[in-house]
Visitor: 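Quick one: the structure is below, and I'll ask about it shortly.
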Amino acid sequence: MGRTLRGLMVGAGYFAPIQLTAWRDVSGAEIVGLVGHRDPQRVATVAREAGVGWSGVDLDAAIELLQPDFLDICTPPASHGELVRRAVAGGVPVLCQKPLAPTVTEAADLAKFAERHRVPLVVNENWRWQPWYREAKRLIDAGVIGRPFHTTMRMRPGDGWGENPYPDQPYFATMSRLVLFETGVHYVDTARFLFGEIEQVQCVTATVNPAVAGEDLVVAVLHTTHGGIVVYDADRAAVAETVRSLAYGTMSVEGTEGTLQVADDGRMTLLHRDGRVVEHDYHIPPGWKGGCAVAAQQNFVDALNGAAIAETPAAEYVRTMRVVEACYLSAAHSRAVRLWPQRSWAGVLGPADERPM
Ligand SMILES: NC(=O)c1ccc[n+]([C@@H]2O[C@H](COP(=O)([O-])OP(=O)(O)OC[C@H]3O[C@@H](n4cnc5c(N)ncnc54)[C@H](O)[C@@H]3O)[C@@H](O)[C@H]2O)c1
């Protein structure tokens with residue numbers, strides 16, 4: 001085993017303490033410093049509570065002083081570009097929160113910038129590491145439900161109603177692009193993880209809560225290159241039985257031989273064609289959303305150490321963001337949008353948009 005990698009984290013808001021807690025369970029790395037801005041008191045408190053020895057508000061000074069092996073960015077998307085470029089230009093590998101940038105073009109530019117400098121840039125996409133999705137992937141790949149042809153990912157966090165919605169992340173209310181950009185990107189990435197590339201989307205959006213600027217209701221139909229359909233059915237204004245439940249909602253994967261159901265507490269059930277209904281037992285690790293932050297951060301460290309392949313490098317993640325962008329385009333123009341046109345489908349899909357995004 002190599003030496004322990006030393007990370008420097010940027011950001012001290014809602015998600016930073018969750019990410020810092022997760023770092024304590026990652027082997028082969030530790031966070032040695034925390035950088036924020038505007039509120040040094042808050043940065044110092046977050047660092048102290050997480051047992052991080054150094055905190056400050058000057059990134060360049062922190063890099064100079066601590067000489068980190070990697071930068072862990074946990075700040076809003078609009079700030080990612082500048083922070084990524086500063087680290088990459090100095091040869092420091094980066095783990096950066098999703099969405100990588102405010103637009104696909106900026107995300108693609110960042111991916112190219114990192115590639116040119118030959119510095120790893122990985123998106124911290126922890127959703128696909130939730131244990132129910134890992135287990136679903138294992139069961140699907142083992143053929144337990146036959147060929148999956150229809151999946152519904154039903155997102156119902158129940159936290160977006162009233163004059164002061166989203167108490168954990170109040171900035172959500174002011175985002176002009178909300179559910180698809182902020183949270184849908186997790187689901188698109190997870191759908192790609194489970195079922196492969198998405199070649200066409202049809203999407204409708206609505207704003208239900210008058211107190212929010214962006215869309216809080218999304219129904220996106222994603223067509224995979226394998227002929228499957230994934231429905232991302234997201235409603236943050238609706239009532240939920242459990243607010244911000246462990247799995248944020250439910251999933252049902254319908255296959256030719258059976259259906260796999262994931263409940264909002266992560267429990268799994270298999271419905272077989274012969275009528276059997278079987279509770280599927282599997283391990284849900286402790287930690288935030290079944291240890292998914294630990295697992296995603298571990299994958300990054302393992303990749304830096306050459307012990308694994310990073311699952312969500314920036315260049316790959318741009319594809320996920322293209323699908324999200326296609327959903328916005330589809331909703332705005334009330335029509336299907338094709339991402340990777342296949343010649344055999346030419347003329348079949350009608351007025352689908354084939355412009356590269
Ligand atoms: N499942 C998940 O992985 C998950 C969950 C929540 C948030 N996120 C993502 O994490 C990121 C942060 O979200 P949040 O909810 O913690 O946001 P937040 O607004 O609560 O916190 C952002 C923090 O970044 C700091 N910051 C902003 N610009 C900075 C800069 N240039 N230099 C240093 N610090 C800076 C702010 O002062 C603040 O402390 C976003 O990209 C968000 O999408 C991911």
Side-chain angles (χ1 to χ4, degrees), residues 8-23 33-47 49-50 52 55-63 71-87 94-103 106-107 110 122-130 133 155 157 159 165-175 177-190 214 236 244-249 287-300 311-312 314 317 320-321 324:
L8 174 64
M9 193 163 139
V10 195
Y14 160 70
F15 205 64
I18 295 169
Q19 213 157 283
L20 284 167
T21 302
W23 277 116
L34 181 68
V35 176
H37 76 163
R38 291 203 189 131
D39 188 355
Q41 206 62 42
R42 159 88 187 163
V43 186
T45 305
V46 172
E49 285 173 359
V52 174
S55 70
V57 289
D58 183 337
L59 178 61
D60 292 330
I63 292 178
L71 194 69
D72 177 19
I73 299 175
C74 188
T75 63
S79 62
H80 292 170
E82 198 217 324
L83 296 168
V84 166
R85 283 173 201 278
R86 274 158 81 181
V94 178
L95 178 64
C96 181
Q97 262 297 345
K98 47 52 67 173
L100 183 53
T103 66
E106 285 171 70
L110 286 180
V122 176
V123 176
N124 193 344
E125 179 46 270
N126 48 42
W127 216 260
R128 62 160 65 198
W129 291 93
Q130 292 173 17
Y133 295 127
M155 188 186 104
D159 57 355
Y166 310 113
D168 287 341
Q169 292 152 290
Y171 63 88
F172 275 11
T174 61
M175 291 172 70
R177 287 182 160 195
L178 179 53
V179 162
L180 274 167
F181 177 76
E182 217 292 329
T183 326
V185 71
H186 284 307
Y187 284 83
V188 169
D189 176 73
T190 303
R236 282 197 94 135
R244 291 173 79 102
S245 65
L246 188 63
Y248 250 44
W288 190 77
K289 291 203 174 296
C292 72
V294 178
Q297 291 163 209
Q298 186 70 63
N299 177 244
F300 171 69
E311 285 201 12
T312 48
Y317 204 73
T320 292
M321 290 187 60
V324 169

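First listed ligand is number 1; within each ligand, the first listed atom is number 1. Residues: numbered from 1 along the sequence shown.
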Visitor: Kindly indicate, with the supporting measurements, whether the criterion side-chain contact (heavy atoms from CB on, under 4.5 Å) is fulfilled by V35 and I63.
Guide: CA-CA 10 Å; V35 176; I63 292 178; over 6 Å; no
Visitor: Between W127 and ligand 1, does any nitrogen or oxygen pair lie at a separation below 3.5 Å?
Guide: no
Visitor: Working to the nearest 0.5 angstrom, can you tell me the gap between R236 CZ and T183 OG1?
Guide: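 Between atom CZ of R236 and atom OG1 of T183 there are 4.5 Å.
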Visitor: For a quick test of reading the model, state the closest non-hydrogen atom pair linking V324 to V185 and the distance between them.
Guide: CG2-CA, 3.8 Å
Visitor: Report, in ascending order of atom number, the atoms of ligand 1 lying under 4.0 Å from any heavy atom of Q169.
Guide: 6 (C), 7 (C), 15 (O)
Visitor: Can an N or O of V35 be found at a distance shorter than 3.5 Å from an N or O of ligand 1?
Guide: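 Not met; the criterion fails.
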Visitor: Quick check on contacts: which atoms of ligand 1 are under 4.0 angstrom from a heavy atom of Y171?
Guide: 13 (O), 14 (P), 15 (O), 17 (O), 18 (P), 19 (O), 20 (O)
Visitor: Which of the listed options, C292, P17, G11, holds the heavy atom that is closest to atom 25 (C) of ligand 1?
Guide: G11
Visitor: Please work out, at 4.0 Å between heavy atoms, whether the side chain, the backbone, both, or neither of E182 comes within that distance of ligand 1.
Guide: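 It is the side chain that touches ligand 1; the backbone stays farther off.
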Visitor: Can you sort out which atoms of ligand 1 are near H80, meaning under 4.0 Å from one of its heavy atoms?
Guide: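 Those qualifying, in numeric order: 41 (O).
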Visitor: Do H80 side-chain atoms and K98 backbone N/O form a donor-acceptor pair below 3.5 Å?
Guide: no
Visitor: Name the closest protein heavy atom to atom 31 (N) of ligand 1, giving the residue it belongs to and the distance to 0.1 Å.
Guide: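 Scanning the protein heavy atoms, the shortest distance from atom 31 (N) of ligand 1 goes to S79 CB, 4.0 Å.
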Visitor: Under 4.0 Å from a heavy atom of G36: give me the atoms of ligand 1 that qualify, with their elements.
Guide: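 Those of ligand 1 that fall under 4.0 Å from G36 are 33 (C), 34 (N).
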Visitor: Considering only heavy atoms of W288, which atoms of ligand 1 have at least one such atom less than 4.0 Å away?
Guide: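 Close to W288: 1 (N).
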Visitor: For atom 3 (O) of ligand 1, grab the closest protein heavy atom and report residue, atom and distance to one decimal in Å.
Guide: N126 ND2, 2.6 Å
Visitor: Quickly, which of V123, V10, L83, V84 forms a side chain to side chain contact (heavy atoms under 4.5 Å, CB included) with V94? Name it, please.
Guide: V84
Visitor: Is the closest basic N to carboxylate O distance between D168 and R244 below 4.0 Å?
Guide: yes
Visitor: Side chains of T312 and R128: donor-acceptor distance under 3.5 Å anywhere?
Guide: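 No, no side-chain donor-acceptor pair sits under 3.5 Å.
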Visitor: Is the shortest distance from a heavy atom of Q19 to ligand 1 less than 4.0 Å?
Guide: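 It does not; every heavy atom stays at 4.0 Å or beyond.
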Visitor: Is a donor on one side and an acceptor on the other found under 3.5 Å between the side chain of D189 and the backbone of E125?
Guide: no
Visitor: Nearest 0.5 Å please: distance from the NE2 atom of H186 over to the CD atom of Q130.
Guide: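 H186 NE2 to Q130 CD: 8.0 Å, rounded to 0.5 Å.
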Visitor: If you compare all heavy atoms of M321 against all heavy atoms of L100, which two are closest, and at what distance to 0.1 Å?
Guide: SD-N, 3.8 Å
Visitor: Nearest 0.5 Å, what's the CG-CE distance between L71 and M9?
Guide: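 Reported to 0.5 Å precision, the distance equals 10.0 Å.
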Visitor: Using distance alone, determine whether L83 and ligand 1 share an N or O pair under 3.5 Å.
Guide: no
Visitor: For atom 11 (C) of ligand 1, grab the closest protein heavy atom and report residue, atom and distance to one decimal in Å.
Guide: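 Sorting protein heavy atoms by distance from atom 11 (C) of ligand 1 puts T75 O, 3.4 Å first.
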Visitor: Mind checking whether P99 has an N or O less than 3.5 Å away from an N or O of ligand 1?
Guide: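 No; the residue has no nitrogen or oxygen that sits under 3.5 Å from a nitrogen or oxygen of the ligand.
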Visitor: Can you tell me the protein heavy atom closest to atom 20 (O) of ligand 1 and the distance?
Guide: Y14 N, 2.9 Å
Visitor: For atom 44 (C) of ligand 1, which of Q97, K289, M9 has the closest heavy atom?
Guide: Q97
Visitor: Counting only pairs under 3.5 Å, give me each side-chain donor-acceptor contact of residues 288-295, with atom names and distances, residues two or more places apart or in other chains.
Guide:
unit_1 : atom_1 : unit_2 : atom_2 : d
K289   : NZ     : S245   : O      : 3.2
K289   : NZ     : L246   : O      : 2.8

Visitor: Is K98 close enough to touch ligand 1? Criterion: a residue heavy atom under 4.0 Å from a ligand atom.
Guide: yes
Visitor: Applying side-chain contact (heavy atoms from CB on, under 4.5 Å), run through D72 and W23 and close with a yes or a no.
Guide: CA-CA 10 Å; D72 177 19; W23 277 116; 2.7 Å; yes
Visitor: Return the closest protein heavy atom for atom 22 (C) of ligand 1 as residue, atom name and distance.
Guide: P76 CD, 3.6 Å
Visitor: Please report which non-hydrogen protein atom sits nearest to atom 21 (O) of ligand 1, along with the residue it belongs to and the distance in Å to one decimal place.
Guide: G13 CA, 3.2 Å
Visitor: How far is atom 37 (O) of ligand 1 from the closest protein heavy atom, and which atom is that?
Guide: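 Its nearest protein heavy-atom neighbour is H37 CD2, 3.1 Å.
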Visitor: Identify, by atom number and element, the atoms of ligand 1 in contact range of V10, meaning under 4.0 Å from any of its heavy atoms.
Guide: 32 (N), 33 (C), 34 (N)
Visitor: Report the nearest protein non-hydrogen atom to atom 16 (O) of ligand 1: residue, atom name, distance rounded to 0.1 Å.
Guide: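 For atom 16 (O) of ligand 1, the nearest protein heavy atom is F15 N, 2.8 Å.
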Visitor: Nearest 0.5 angstrom please: I18 CD1 to C74 SG, how far?
Guide: 8.5 Å
